[in-house]
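Scroll down for the structure; my scribbles are underneath it.
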Amino acid sequence: NLKISNAGSNGQYLQKQSGNTGGLTWAALPAAGVLKNLETATTTTEVDMNQTMTDSGLTCNITPSDSGHKVLVVVQQAYKIVDSDGGFYFEMKLFRGSTELLHRTMNHDASSSANNEQDFHTLIYLDSPGTTSQTTYKMQMKGGQNDAKAQPGGQRSDIFLLEINI
């Protein structure tokens, strides 16, 4: 015989009772959604990133309220790449602490001998930090042989952290 131990209400679901009772009980759904959002912007002086992986100056901390929650990281990184040999190359990396989460490589070949690209690159990453300790996210970048910069001319870069329960 299946036993239900209590009367349910709207928005609840049937959950197995703890132990070996063979019964069910009505329970509330866990809260889902955005629990905390943080944003950091930087317009720091231009950061040179020629041929060396370099911190872009964009960093943000979050302290998750539950180790099972996820952190949605959204980055809009301003950059400028100039190369005179007909093409350019650059890399971007997203880190949680010292752990590399995402690595993007961009290559651009062109017939022109003077290439200049100034733009924003957006990264989106859903992380499972598994902690309730303060956690730091940061960006690193590396450019080609000539002129490569983060926040060129003081352009704004942003990092958004959203703690979510899904």
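The chain is numbered in sequence order, starting from 1.
- A chain of hydrophobic side-chain contacts below 4.5 Å, direct or via other Ile, Leu, Val, Met, Phe, Trp or Tyr residues, connects Leu123 to Val73.
- Here the side chain of Glu91 pairs no donor or acceptor atom with the backbone of Gln140 at under 3.5 angstrom.
- With hydrophobic clusters built from ILVMFWY side chains whose heavy atoms lie under 4.5 angstrom apart, Leu126 shares a cluster with Phe160.
- We find the NZ-CD1 distance between Lys138 and Ile159 to be 11.0 Å, quoted to the nearest 0.5 Å.
- Under the 30°/60° scheme for interplanar angles, the aromatic rings of His121 and Phe90 are found to stand perpendicular.
- In this structure, NZ on Lys93 lies 11.5 Å from CG on Leu101, to the nearest 0.5 angstrom.
- The side chain to side chain donor-acceptor pair (under 3.5 Å) test applied to Gln76 returns no partner, not counting sequence neighbours.
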Criterion side-chain contact (heavy atoms from CB on, under 4.5 Å) on Val71 and Tyr137, from CA distance to verdict
CA-CA 10 Å; Val71 175; Tyr137 292 87; 3.7 Å; yes
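- A distance of 13.0 Å separates NZ of Lys149 from CD of Gln155, quoted to the nearest 0.5 Å.
- Contact of the Met139 side chain with the Leu94 side chain is registered, since non-hydrogen atoms from C-beta on lie closer than 4.5 Å.
- Looking at residues two or more places apart in sequence or on another chain, you find a side chain to side chain donor-acceptor pair (under 3.5 Å) between Thr136 and Asn61.
- To the nearest 0.5 Å, atoms CG (Leu162) and NE2 (His69) are separated by 13.5 Å.
- Linking Ile, Leu, Val, Met, Phe, Trp and Tyr whenever their side-chain heavy atoms come within less than 4.5 Å leaves Met141 and Phe120 in two separate clusters.
- The backbone N or O of Pro64 lies less than 3.5 Å from no partner atom in the side chain of Thr132, so there is not a single donor-acceptor pair.
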With side-chain contact (heavy atoms from CB on, under 4.5 Å) as the criterion, how do Leu58 and Val75 come out once you've worked through the C-alpha distance, each side chain's angles and the decisive distance to 0.1 Å?
CA-CA 9 Å; Leu58 194 53; Val75 175; 3.8 Å; yes
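- With Thr135 contributing its side chain and Ser133 its backbone, the two residues share a donor-acceptor pair below 3.5 Å.
- Annotation: the span from Leu161 atom CG to Thr63 atom OG1 amounts to 10.5 Å, rounded to 0.5 Å.
- Judged purely by atom type and a 3.5 angstrom limit, Ser157 has no side-chain atom pairing as donor or acceptor with the backbone of Gln151.
- One hydrophobic cluster, built from ILVMFWY side chains closer than 4.5 Å, holds both Leu102 and Met92.
- Here CD1 of Ile62 is found 12.0 Å from CZ of Arg96. Values are rounded to the nearest 0.5 Å.
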